[in-house]
Amino acid sequence: MSMGSFRLRVTLEVIALYSTGRCQYVRVCLLVDVHEEDCASCAAVFNFQCFVFNYNTFSSRYITSTGEMPVCLLVSEDDAHKPIQLHHQQSVTLGRGPETKIKDKKCSRDQVELRADCNRGFITVKQLGVNPTIVDDVVVGKGNQVTIKPGQRLYMVNQQYPYTVKFTEDTSTPRSAADLRKPAKRAHQMSSEGNGEKIKSPANKTSTSHTDHNRMSDDSPPAKKTQPSGSEKSESAGHWSQGLKVSMQDPKMQVYKDDRVVVIKDKYPKARYHWLVLPWDSISSLKVLRSEHIELLKHMQRVGDQMVQQCPDAHKLSFRLGYHAIPSMSHVHLHVISQDFDSPCLKNKKHWNSFTTDYFVNSQDVIAMLEHDGKVTVKEGTSELLKLPLRCHLCHKEQPTIPKLKEHLKTHLPS
DNA sequence: GTTCTAGAAC
DNA sequence: GTTCTAGAAC
C-alpha cells in the first residue's frame, strides 16, 4: 500500500546542562517531510535526531521558545554554610561532612539522598542514615522518601540542622540561540540512546601532555592554587575533597561520556595513562553501593576497558581497573591506570601503595562483592597498607626510597 | 587529593 | 652539606 508523503510536526524539549551547573531548556519545532521512498517514518525521525544533536548546525529558526530552568538551592536555615545547588534530576547524597559542615556523629555521612525536580519545583528526600531525618515534624524513616517544596523545612537529623528549599531563576544563563551556540557555554552533547560519545582521542598520553595538563589544572579549581571563576564561585564544591564533582562537569577534562558515566583524565596522573570513570549519579563512596548499582559498575568497567582498547600503547602496556578502598575524593571513581607508573606526579609512599597493594581493589572484585554480599566491605587495617615498604609491583624487590623505586621501575619499561 | 617544610637520614 | 620523608595545612 502506498503511503504517499506527509508532513510530520515534531516538538522536542532539549534540556541543556552547562558545566557551571546551570540548566536551560529549549523548545524545538521542526516540520519534517516524510516521503514514501524514506521507507518508514523512523528513518526521518532518526535523521531528525542526528540533526538536533549536531549542535553546530542548530539554527535559531528552529527554536520556538527558550526559557530558564529554575536553579534549585538547599538553604541552611542556621546559615552554617552557603546554599548547596542541586542539579535537575541528579541524585546527591548529603550528611556529615565538609559540604554541610555537620560534625555530629549522629548524622551519617550519607544521611539523605536528594534529587531535585527543577521543572516541578520539589526535591525528593530519601533517608539513608539510621537516625531520623525530619520534614515538617514528620520522620521520614530509613529507606523511605518524601518530597519537600519551598516553605517546608527539612531537619537533617534529630530536629537539628534545618534546611529549606528554594527555586530561583538564573538570569546569567544565555538567552538567545546565538548565545547557546557559543562553544564555551555549549550544552554537553548527549546520546539519546545511551551510546557513548568520544570527546577527543583518549590517546592523550598523560605523561607527554603535562604542559597541557598543567594548563588545564590552572584553569580548573584545585584545592588551593586558584579560585573558581564567575558563577562557579557560588558552587558548594569548595572543599578539595569535592574536586572530582567539579572536574567531571568540565568539558575540558572529559574524554568520554554517555548517559550514565563520564571519563576524565586524572589531574595528577600516576602513570602514563590514568583515567577516572565516574557515574553521573552522585554516589559518594563504595560504602553506599548496593545490588542495584551492579549494572552501573559493570558499565563503568566496560567503558574503562574501552579506554584501554583505544589507547595507542595498549599493546605494550598493561592496565588495571579498580577502586581505592578508602578514597580521599568524594564521588565513586574507577581508576583505569597503566602499570608503568612512569609519572612525575607519583611522589610518595601513599601514592605507590594505594595502587600496588590491596588498597587498590579490582573492579571485578568490587562487582563480585556486590553480587555476593549486596554491599562492599573494606577489611580492617586497610589504611595501614599505605605505610608498607616500597616494593616493586612486578619483581617484588623492595626499594629504599621513592627516587630509587623510580629508577628501578625504568628497568621494567617496554623498549 | 596536593603543597609545604621541619627534621631525620645519609 | 643534600636528599628524602612524614605530617600539618589547605
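Proteins get letters first, then strands, A, B, ... in listed order; numbering begins at 1 in each.
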Any chance you could measure Gln111(A), atom CD, to Thr93(A), atom OG1, to the nearest 0.5 Å? 11.0 Å

So, Arg260(A) and His299(A): side-chain donor and acceptor under 3.5 Å apart, yes or no? yes

What about His351(A) and Tyr268(A), are their ring centers closer than 6.0 Å? no

Residues of residues 397-412 of chain A with any non-hydrogen atom less than 4.0 angstrom from an atom of DNA chain C: list those, numerically ordered, please. Thr401(A), Ile402(A), Pro403(A)

For dT3(B), take OP1 and OP2 only and decide whether either is under 4.0 Å from a side-chain N or O of Lys347(A). yes

Can you sort out which residues in residues 352-362 of chain A have a heavy atom within less than 4.0 Å of DNA chain C? Ascending by number, please. none

Pair His335(A) + Tyr323(A): ring centers closer than 6.0 Å: no

What are the atom names and distances for every N/O pair under 3.5 Å that joins the protein to nucleotides 8-10 of chain B?
none

Return the value, rounded to whole Å, for the distance between atom CE of Met329(A) and atom P of dT2(B). 9 Å

dT5(C) P sits how many Å from Leu388(A) CG, rounded? 15 Å

Out of dT5(C), dA6(C), dG1(B), minimum distance to the side chain of Ser328(A) belongs to dG1(B)

Pairs where residues 363-395 of chain A contributes a residue and the test ring pair (Phe, Tyr, Trp, His ring centres under 6.0 Å) is met, not counting sequence neighbours: Phe341(A)-His393(A), Trp352(A)-His393(A)

Between P of dC4(B) and CG of Asn348(A), the distance in whole Å: 14 Å

Can you check the Trp240(A) CH2 to dC4(B) P distance for me, whole Å? 17 Å

Check salt bridge (Lys or Arg N to Asp or Glu O under 4.0 Å) between Lys142(A) and all other residues, then give those that pass, not counting sequence neighbours. none

Which class fits the ring pair Tyr273(A) and Trp275(A): parallel under 30°, tilted 30 to 60°, perpendicular over 60°? tilted

Indicate, with a heavy-atom threshold strictly under 4.0 Å, whether His351(A) touches base, sugar-phosphate, or nothing. sugar-phosphate

Does His331(A) have its ring centroid less than 6.0 Å away from the ring centroid of His333(A)? no

Taking atom C1' of dG1(B) as reference, at what distance in whole Å does atom CG of Leu276(A) sit? 11 Å

Once salt bridge (Lys or Arg N to Asp or Glu O under 4.0 Å) is applied, what residue pairs with a partner in residues 404-415 of chain A remain, sequence neighbours excluded? Glu407(A)-Lys410(A)

When all nucleic acid strands are considered with a 4.0 Å heavy-atom cut-off, which category describes Lys270(A): base, sugar-phosphate, or nothing? sugar-phosphate

When you measure from the side chain of His412(A) to the backbone of Asp340(A), do you find a donor-acceptor pair of N or O atoms at a distance under 3.5 Å? no

Looking at the rings of Tyr161(A) and His81(A), which for Trp means the six-membered one, are their centres under 6.0 Å apart? no

Between CG of Asp266(A) and P of dG1(B) the distance, given in whole Å, is 8 Å

Please state how far atom NZ in Lys349(A) lies from atom C1' in dG7(C), giving the value in whole angstrom units. 14 Å

Go through the steps for Glu99(A) and Lys82(A) under the test salt bridge (charged side-chain N to carboxylate O under 4.0 Å, His left out), then give the verdict. CA-CA 9 Å; Glu99(A) 281 187 309; Lys82(A) 288 183 292 184; over 6 Å; no

dT5(C) C1' sits how many Å from Lys387(A) NZ, rounded? 14 Å

